[in-house]
Amino acid sequence: MPELPEVETVRRGLAPAMEGALIRRAELRRPDLRFPLPPDFAERVEGRRIVSLKRRAKYLIIALEDGQAILAHLGMSGSFRVEEAQPAGAAEEEGQTPGLFYIPRGKDARHDHVVLHLERDGQMAQVVYNDPRRFGFMDLAELTGLDSHPFFRTMGEEPTGNGLSPAYLAARFKGKAQPVKAALLDQRVIAGLGNIYVCEALWRAGIQPALASGQLVRADGRPGAKLVALNTAIHQVIAEAIEAGGSSLRDHIRTDGTLGYFQHRFSVYDREGQHCPRPGCGGTVARMVQGGRSTFFCPVCQR
DNA sequence: CTCCGCTCCTGCCGGC
DNA sequence: TGCCGGCAGGAGCGGA
């Protein structure tokens, strides 16, 4: 599910429950997710205190006091939820588990793969990782030198920082025949974009997704006007999505009463057949397949 | 090196 | 109602 704004929303939701807490026990209910978990995962985290929660691209980084970090990627269907210990009789009134994300109890419990039992100020809580498709993965690594970890070594610029600029994109796109849609999904170029926000950014910039990315660069190597617009669109759509608390699709629903509202603001994603929302355009949102994945776009104003 | 297609896994939805 | 094919937010891999 999650792209960068969703992972950032998860980070902000988990931080109050996790920062400063002691990991009493780590429960691995299976030895692997997408990849094998470190065999000594539990013994390496048990008894350690969580210092802070960070994020890099779509990775959640749980920093421990001993300099290690739990690295977690949610894949397509991963989610975390917090279950606070309740006084006897106080819980389960609504059949709903207090926590960041609501997953019907019983239905998906078999996909609860990792449980961190936390203690802080004498209060116990569980942080549960659930992932039906098991495309997510976790690892343990030293926080120092994390940039050279295989997950991060080749990673490109964050779409939230100044590193992502028209000049950067021009340098990366120059001479490339790859469609701009595919180039934007490449985490080595921009780290954190996924299918939704790539579609949205291309629509905002008025760029045809199948256009060769090199076509957005001028012969002298400088960014063309469309590439400048694309850079702005990426920054803006990601900032707005983070501000809105990400998008909640399907069963990925937050239980603090708020949904991630950004999906109500999609202009083209999952809107095939609907009117293009650009004023005066009059086009109809279309869907095509690129690299085996859906691209939603307006054939009239994206060219 | 680039680029494409395939693959992992489960759940859901729409069509017949 | 039930079955079946298609599709889903990601990304690593092999091969051309």
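Small disclaimer: the values here were computed from a predicted structure and weren't measured. First the proteins, then the strands, lettered A, B, ... as listed; each starts at 1.
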Short question: side chain of [X], backbone of [Y] - any donor-acceptor pair under 3.5 Å?
X        : Y        : answer
A:Arg49  : A:Gly20  : yes
A:Glu43  : A:Phe41  : no
A:Gln208 : A:Ala210 : yes
A:Glu119 : A:Arg24  : no
A:Glu200 : A:Ser267 : yes

Please compare A:Arg133 and A:Gln187 by the position of their nearest nucleotide in DNA chain C and report the one closer to 5'.
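Going by which nucleotide is closer to the 5' end, it is A:Arg133.
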Quick one: [X] [atom1] to [N] [atom2], roughly how many Å, whole number?
X        : N      : atom1 : atom2 : answer
A:Arg30  : B:dC9  : CZ    : C1'   : 10 Å
A:Asp139 : C:dG12 : CG    : C1'   : 15 Å
A:His113 : B:dT10 : NE2   : P     : 9 Å
A:Arg172 : B:dT2  : CZ    : P     : 9 Å
A:Ile190 : C:dA11 : CD1   : P     : 13 Å
A:Asp131 : C:dG10 : CG    : C1'   : 11 Å
A:Lys181 : C:dG9  : NZ    : C1'   : 12 Å
A:Leu184 : C:dG9  : CG    : P     : 16 Å

Is the shortest side-chain N to carboxylate O distance from [X] to [Y] below 4.0 Å?
X        : Y        : value
A:Arg120 : A:Glu19  : no
A:Arg44  : A:Asp66  : no
A:Arg204 : A:Glu240 : yes

Centroid distance below 5.5 Å plus an interplanar angle below 30 degrees: do A:Phe135 and C:dG10 meet both conditions?
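Here the ring of A:Phe135 and the base of C:dG10 are stacked, with centres under 5.5 Å and planes under 30°.
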Taking atom P in both C:dC7 and B:dG5, what distance in whole Å separates the two?
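The answer is 15 Å between these two P atoms.
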Closest to the A:Tyr269 side chain: B:dG11, C:dA8, C:dA11?
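My answer, after comparing the listed nucleotides, is C:dA8.
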Report all interatomic pairs (protein N or O, nucleotide N or O of nucleotides 3-7 of chain B) with separations under 3.5 Å.
residue, atom, partner, partner atom, Å
B:dC3, OP1, A:Ala177, N, 3.0
B:dC3, OP1, A:Gln178, N, 3.0

Closer than 4.0 Å, any side-chain N/O of [X] to the OP1 or OP2 of [N]?
X        : N      : value
A:His111 : B:dC9  : no
A:Lys58  : C:dG9  : no
A:Arg293 : C:dG9  : yes
A:His73  : C:dG10 : no

Between A:Asn231 and A:Tyr168, does the side chain to side chain contact (heavy atoms under 4.5 Å, CB included) criterion hold? Intermediate values first, please.
CA-CA 9 Å; A:Asn231 174 72; A:Tyr168 172 79; over 6 Å; no
A:His111 vs A:His113 aromatic rings, parallel, tilted or perpendicular, using cut-offs 30° and 60°?
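A:His111 and A:His113: perpendicular rings.
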In the structure shown, which nucleotide is the Watson-Crick or G-U wobble counterpart of C:dT1, with both distances under 3.5 Å?
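Check on C:dT1: unpaired, no WC or wobble geometry under 3.5 Å.
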Assigned partner base of B:dT10, Watson-Crick or wobble definition, under 3.5 Å
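Partner of B:dT10: C:dA8.
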Check the interface with nucleotides 3-7 of chain C: list each N/O to N/O pair with the protein under 3.5 Å, or write none.
none

